[in-house]
Amino acid sequence: MLDKSFEPAIAEKEITEKWESQNLFACHPNDDKKPAFSIVIPPPNVTGNLHLGHALDNAIQDVVCRFKRMQGYDVLWQPGTDHAGIATQMMVEKNLAKQGISRHDLGREKFVEAVWDWKKQYGGQIIKQLHRLGASCDWSRERFTLDEGLSKAVRKVFVQLYKEGLIYKDKRLVNWDPVLQTAVSDLEVIQKEVVGTMWYFKYPVEGNPNEFVTIATTRPETMFGDTAVAVSADDERYKHLIGKNLVLPIVNRTIPVVADEHADPTKGTGAVKITPAHDFNDFEVGKRHQLPMINILNKDATLNENVPSHYQGLTCPDARIKVLTEIKELGLFDHEEPNPMTIPHGERSGVVIEPLLTDQWFVNAKELAKDAIKAVENGDMVFVPKNWENTYFEWMNNIQPWCISRQLWWGHQVPVWYGPDKTIFCEESVEEALQAAEKHYGKSVELVRDSDVLDTWFSSGLWAFSTLGWPEDTIHLKRYYPTSVLVTGFDIIFFWVARMMMMSMHFMKEVPFRKVYLHGLVRDEKGQKMSKSKGNGIDPLEMCDKYGADALRFSLLIQAGHGRDVLMSDSRVESYRNFVTKIWNAARFCEMNGAIFGQDKPTPTLPINKWILSKMHTAAQNVARMIDEYAFNDASNAVYHFIWDTFCPLYLEAIKPIFHDGTTTEIEETKHVCGYVLEQILIVLHPFMPFITEEIWDKTAQRNNMLMCETWPSLTAYADKETETDIDYLFDLVTAIRSLRMGVNISPATKIHLNIKGMNTKNKQIVSDNEVVLKALTRIEQLNIVDEMELPKGSISQAYAESTLNIPLNGLIDIEQETARIRKDIANKESFIERTKNQLANDAFVSKAPASVIQDKRKALEEAQQTLENQQKVLANLIG
RNA sequence: GGGCGACUAGCUCAGCUGGUUAGAGCACCUCGUUUACACCGAGGGGGUCUGCGGUUCGAAUCCGUAGUCGCCUACCA
């Protein structure tokens, strides 16, 4: 029995326990009868808390997984978390800082232990939160990117790529985060727009103190690292200076003037100072001209020993002020102007990123990208929506070397050992490295391990196969790889999707997933990005507490259309909570009227019952198609409207009089049909709203199965189009009658007499077949269907298709108001008729438009003309 | 600088390969019989589809162009 109201908090807990204690989310790799379907979860950061983006992402995956299970697939939804190198290390360091301890106080080993302790105690909170949403992951298979198995995969991949020459060590400019004191990849750098200043300095020409070259710079303090000034070879202003030297002010070091394509005569002064160790373009210029590279910064971005002593130890902003002062004192300042520019900031630390010359490990992404590009070109992997593939190609075709080393402690340590002479031994374990070293040196030696760890995305890049057991040849790998679809946000196409494609193509020779579905961002109700600083964030768990997980999921899903962002607000969730209540009450109604559950599909004789079965199957088919197209908004909309606009107000209302006045046979049939249809509704709605549906399923009957294990309605067409059309007509008629009543303020309590004049045979038949229903829904006491009659004075009439509806009224009606209403209706009809007539009189239209279009127009015209005629009679009767 | 997307009722959005008297939800107005539901029911008002030009018998739908907004990406001496 269903209680008076649905309590999400209690039901969600109970149902989750039932699902999980029976292991219903588990995959069955040995079940040969079922086709496999698999999804790997985008692993959330182990430090993370569930936000609405996760809620959306996982609601979508859950819909797909539950749907596929119901369709008879063996589903693996592979869960897990990411160790999130920088984020996690920062968090633990912050905690330690509260006790006044730095990671250096602890030392590397102790620190890493501390992080593991933290992880064991507090990490993975987000996984618990996913359970609350109803996520049907195979929780027994949860993985972590630093698990032993996954670490093994990481080492194997690194070693192989190294041995293939696709991973290499290089000294080059990288994005350096001076606070975290590590290199970061291009993707971890955020460009921020600011209005800076362009300063113009004069560099004297060597041997001719009265001649100067004016250069423009936005970073005066980097002048200590200048090793040339570049000009364009054709620039008349500077041509004569090429090959000569300038004197770098303050330090009084001489630097050459070189001709280089990088110098653009139209920009700045046409002469550009070259600082190879602190600018990416200058680095290239430096290499072209074999210029010295002078690094002037320490790891914390203060100036180092390569600058004049009174600058050493200053921060860049301080040094800048000092340089400006000094240049002015030297009379070498030309002028300055405001300069809008973008400045790189660290994604995590938020501080200014410095290009810094360091030794780092790189992946030759250009090489790995080749197969990853091909796989999308030839359709082995498909983007949904398709237009994202442009973004993918654009980036992949211009891909830069991927800097994978991080100067952190938390993460996968690079499997590289150095011999006494710095020879590199890249092996999967220290034992193997020692062996290799012994072979190399002909004796045992001490090795020192590289201290760097890998970019977090290096291990996430292997996620699609490492979680399935690779490099072991596991049954899961065989059965579930390649995975069926990846569901994620477009913001990590480059970080993750692209890297998975590259790694998977290289190591598996096969795509990691057949499709990638990219959903939008969750925003607040005004369409603004949610952020802590704006304070407009909405906590999904709060929403669960307040409205239930089903309502939250549904409000996300119903907006998840291709290429659309999702807006979130209390009022939206509230309205879907109302939908939950609606379903609950509909179920209660069925139950109270003795609905029969757990039976096979009925074969009813009453039109209304045939009708709802047909509608139900059409809806189920549509929903299935839309899920397969990843149109979650359309799919949820279709369920929503079927329940709220068809099942409840039409069908349930229509069967009330049957339960009340029907014959025993009719009542039994209707109990069966309404029970059956409700069960089908529960099945179709289940992927979207797993809790309420499972709860109703559970509480209404003794069942063998939980709802989530039921089979999706058969997709073979079951449609009774004729009955659908008939009953649709009936309900249209109901609306027309209700509208007529309402128009003259007849109280709903008043039972009326209704005359219908001139109705055709077919429609008469429909009305008489469903007379009980029609009368109940429109509160008609007496119904007269006549071929011809005079409309009584003081009665109210309305043309309805070929017939005229008439309600005799004893009381007064407002003739004026009524006349106006009819006139307006007539005017509408006339305008339609005129337009349609013109169209049909147009030879070009008749000769070129498809026959079906013309036929439809003719039919509509005929009908409108007939109705118009009737309506004109009604008007004449009213005023005459 | 390059690219992508959006612009349809007060708000949020449907409207697929051109043919609908342009739809929905929320909001709004009116009225509330019926023990499923007031977290509800019935009825109703409201838009000519950002501007301009074009293609077409026919355009919200295709093309061009202008504008506004958003996102991605590059560069910035």
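Protein chains get the first letters and strands the later ones, always in sequence-line order, with residue 1 at the start of each. Since the model is a prediction, treat every value here as computed from it, not as a measurement.
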Distance, rounded to the nearest Å, where A:Gln191 contributes CD and B:C72 contributes P: 12 Å
Residue pair A:His519 / A:Phe632, side-chain heavy-atom distance below 4.5 Å: no
In whole angstrom, give me the gap between the P atoms of B:G67 and B:C52. 15 Å
Atom CZ of A:Phe494 to atom C1' of B:A74: distance rounded to whole Å? 12 Å
Separation between the P atoms of B:U20 and B:G10, rounded to whole Å: 23 Å
Contact class for A:Arg588 vs. all strands (heavy atom < 4.0 Å): base, sugar-phosphate, or nothing? sugar-phosphate
Please state how far atom CD1 in A:Ile399 lies from atom P in B:U73, giving the value in whole angstrom units. 13 Å
For A:Thr836, report the nucleic acid contact type (base, sugar-phosphate, nothing); a contact means any heavy atom under 4.0 Å. nothing
Expressed as a whole number of Å, how far does the P atom of B:C11 sit from that of B:G51? 15 Å
Note, RNA chain B 5' to 3' with Watson-Crick or G-U pairs under 3.5 Å encoded as ( ), [ ], | and . gives (((((((..((((.....[...)))).(((((.......))))).....(((((..]....))))))))))))....
Side chain to side chain, A:Ser636 and A:Phe554, heavy atoms closer than 4.5 Å: yes
When you measure from the side chain of A:Gln871 to the backbone N and O of A:Ile822, does any donor-acceptor pair fall under 3.5 Å? no
Atom pair distance, as rounded to whole Å: CD in A:Glu284 and P in B:A77: 15 Å
Just to be sure I understand the rule, does A:Lys267 reach a base, reach only the sugar-phosphate, or reach nothing, if contact means heavy atoms closer than 4.0 Å? base
Quantified in whole Å, what is the P atom distance between nucleotide B:C28 and nucleotide B:U73? 42 Å
Using a cut-off of 4.0 Å between protein heavy atoms and nucleotide atoms, how would you tag nucleotides 4-19 of chain B 5' to 3' with B, S and -? S-S-----SSS----B
Rounded to the Å, how far apart are A:Phe579 CZ and B:C40 P? 12 Å
When rounded to the nearest Å, what value does the distance between P atoms of B:G15 and B:A6 take? 11 Å
Could you work out the separation of B:U65 and B:A77 based on their C1' atoms and round it to a whole Å? 37 Å
What is the distance, to the nearest angstrom, from the CZ atom on A:Phe659 to the C1' atom on B:A36? 12 Å
Could you go through the salt bridge (charged side-chain N to carboxylate O under 4.0 Å, His left out) check for A:Arg821 and A:Glu818 one step at a time? CA-CA 5 Å; A:Arg821 188 179 67 85; A:Glu818 197 47 21; 2.6 Å; yes
Using a 4.0 Å heavy-atom cut-off across all strands, classify A:Trp199 as base, sugar-phosphate, or nothing. nothing
Distance, C1' atom - from B:G47 to B:C13, rounded to whole angstrom: 14 Å
Counting side-chain heavy atoms from CB outward, which of B:G70, B:C39, B:A24 is closest to A:His641? B:A24
Just how far, in rounded Å, is P of B:C71 from NZ of A:Lys529? 6 Å
Heavy atoms under 4.0 Å, any strand shown: does A:Asn339 hit a base, just sugar-phosphate, or nothing? nothing
Write down the distance between OH (A:Tyr640) and P (B:G23), rounded to a whole number of angstrom. 19 Å
Between A:Ser739 and B:G44, is there a side-chain N or O to OP1/OP2 distance below 4.0 Å? yes
Please state the P separation for the pair B:G18 and B:C62 - nearest whole angstrom. 8 Å
Counting any heavy atom closer than 4.0 Å, what does A:Cys648 reach on the DNA or RNA strands: base, sugar-phosphate only, or nothing? base
Short heteroatom pairs, N/O only, protein and nucleotides 30-34 of chain B, under 3.5 Å:
from  : atom 1 : to       : atom 2 : distance (Å)
B:U33 : O2'    : A:Arg779 : NH1    : 3.4
B:U33 : O2     : A:Arg779 : NE     : 2.8
B:U33 : O2     : A:Arg779 : NH1    : 3.3

